[in-house]
Protein chains: 2
Amino acid sequence: MGISKTEIFTEDQNTIAAFAKAFAHPARVAILQHLFKIDSCICGELVNEIGLAQPTISQHLRELKQLGLIKGSVEGTSVCYCIDAKNWEKMKKTMAQFLDQDIVSKENCC
Amino acid sequence: MGISKTEIFTEDQNTIAAFAKAFAHPARVAILQHLFKIDSCICGELVNEIGLAQPTISQHLRELKQLGLIKGSVEGTSVCYCIDAKNWEKMKKTMAQFLDQDIVSKENCC
DNA sequence: TATATTAATCGTAATATTGCAATAAAACAA
DNA sequence: TTGTTTTATTGCAATATTACGATTAATATA
């Protein structure tokens, strides 16, 4: 139905899915990569850097901000965004726990 | 427009987004976790384990299979799925490269 | 062969996501 | 104050995703 049945999954599973969703669009990947690359924070520069309209970028930024992966601070008329290092580390731990799982038995049916 | 402008992004960015999309739903996270946990491969057991209808699980399995993260082999009337260890490692490398980025300068505007 | 079992596919409804034009809001400058 | 710049919000169209009932396909068994 286009709606995920979040209630039947564990909190852990929903958290992983929520973080993964943040990276599930190339524009958000590009935004994050740019924020990592540029030593000073960015603003509407992202609109030029990435080839999407300003409202679209703004929308992606809001999603990343709501998840806590980036922070924004107003600088005059522009807004400066950067990675929230603390939360990024927390996210990394959660994702690593999921991604670094080991297969119990190597010899299966497949 | 509900359609990602994949053509304006790098192959790397699209690849990361595609992998992330695989984990962007708790059902697929649950499926993968179960495949990791159970030493022998699973089939329709996943339908019982996870509380979703058989066609829904089948759909999620197909997505994971298309991405190459899991393999499936027919065992009589049932189908046995398991993690594709090789591709999982490749995916992990791609994701790690993205997740393990370091911020150039710690002191920014934010 | 007929029947059961299991999984894939089809079709469809409900909801979510992506993208942007238009507009509003906020901060500064003249 | 008036205009300028920058970003957020609103509203909407196009497309994607999620979920499942019904059906089909494939295999095994009686």
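Lettering of chains follows the sequences in order, A, B, ..., and the numbering in each one begins at 1.
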> Closer than 4.0 Å, any side-chain N/O of Tyr81(A) to the OP1 or OP2 of dT6(D)?
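Negative; the distance criterion is not met.
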
> Atom CG of Leu64(B) to atom C1' of dA8(C): distance rounded to whole Å?
15 Å

> Hey, does Lys65(B) reach any base, or is it just sugar-phosphate, or nothing, if we go heavy atoms under 4.0 Å?
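Contact class for Lys65(B): none.
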
> How close or far is atom C1' of dT17(D) from atom CZ of Phe23(B), stated in whole angstroms?
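After rounding, the reported distance stands at 18 Å.
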
> Give me the ring orientation class for His25(A) and His60(A): parallel if the planes are under 30° apart, tilted from 30 to 60°, perpendicular past 60°.
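It falls in the tilted class, 30° to 60°.
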
> Reckon Ser58(A) has a side-chain N or O less than 4.0 Å from the OP1 or OP2 of dT7(D)?
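Answer no for this pair, as no side-chain N or O of Ser58(A) is under 4.0 Å from OP1 or OP2.
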
> Using atom CD1 of Ile8(A) as one end and atom C1' of dC20(D) as the other, report the distance to the nearest whole Å.
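Taking atom C1' of dC20(D) as the reference, CD1 of Ile8(A) is at 13 Å.
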
> Pick the closest DNA chain D nucleotide for Phe9(A) and for Gly44(A) by heavy atoms, then say which residue is nearer the 5' end.
Gly44(A)

> Among dA19(D), dA7(C), dA27(C), which nucleotide sits nearest the side chain of Val74(A)?
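In terms of side-chain proximity for Val74(A), the closest of dA19(D), dA7(C), dA27(C) is dA27(C).
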
> Counting just side-chain N and O atoms, does Arg62(A) come under 4.0 Å of either OP1 or OP2 of dT9(D)?
yes

> Rounded to the nearest angstrom, tell me the gap between atom CG in Leu61(A) and atom C1' in dT7(D).
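The answer, rounded to whole Å, is 10 Å.
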
> Counting any heavy atom closer than 4.0 Å, what does Ser78(A) reach on the DNA or RNA strands: base, sugar-phosphate only, or nothing?
sugar-phosphate

> Do the ring planes of Trp88(A) and Phe98(B) sit parallel (below 30°), tilted (30 to 60°) or perpendicular (above 60°)?
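Plane angle over 60°, so perpendicular.
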
> 5'-most contact on DNA chain D: Thr6(A) or Gln59(A), nearest heavy atom basis?
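This one resolves to Gln59(A).
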
> If you check the Thr77(A) side chain, which of dC20(D), dT6(D), dG19(C) turns out closest?
dT6(D)

> Can you check the Glu45(B) CD to dA7(C) C1' distance for me, whole Å?
15 Å

> Within the structure, does a side-chain N or O atom of Lys21(A) lie under 4.0 Å from either OP1 or OP2 of dT17(C)?
yes

> Mapping His60(A) and Pro55(B) onto DNA chain C by nearest heavy atom, which one lands closer to the 5' end?
Pro55(B)

> To the nearest angstrom, how far is Gln54(B) atom CD from dT5(C) atom C1'?
11 Å

> Quick check: on DNA chain C, is the nucleotide nearest Gly76(A) upstream (toward 5') of the one nearest His25(A), or the reverse? Name the residue that is more 5'.
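First, find each residue's nearest nucleotide; the 5'-ward one identifies His25(A).
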
> Would you say the side chain of Val29(B) lies within less than 4.5 Å of the side chain of Asn14(A), judging by non-hydrogen atoms?
no

> What is the distance from CD of Glu63(A) to P of dT17(C), rounded to the nearest Å?
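Distance, rounded to whole Å: 7 Å.
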
> Testing the 3.5 Å rule here: is there a donor-acceptor pair between the side chains of Thr10(A) and Gln13(A)?
yes

> Should the pair Glu89(B)-Lys86(B) be classified as a salt bridge under the 4.0 Å nitrogen-to-oxygen rule?
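Salt bridge: no.
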
> Taking CG from Asn48(B) and P from dT5(C), how many angstroms apart are they, rounded to a whole number?
14 Å

> Hey, does Leu52(A) reach any base, or is it just sugar-phosphate, or nothing, if we go heavy atoms under 4.0 Å?
sugar-phosphate

> Does some side-chain heavy atom of Gln33(B) sit less than 4.5 Å from a side-chain heavy atom of Asp12(A)?
yes

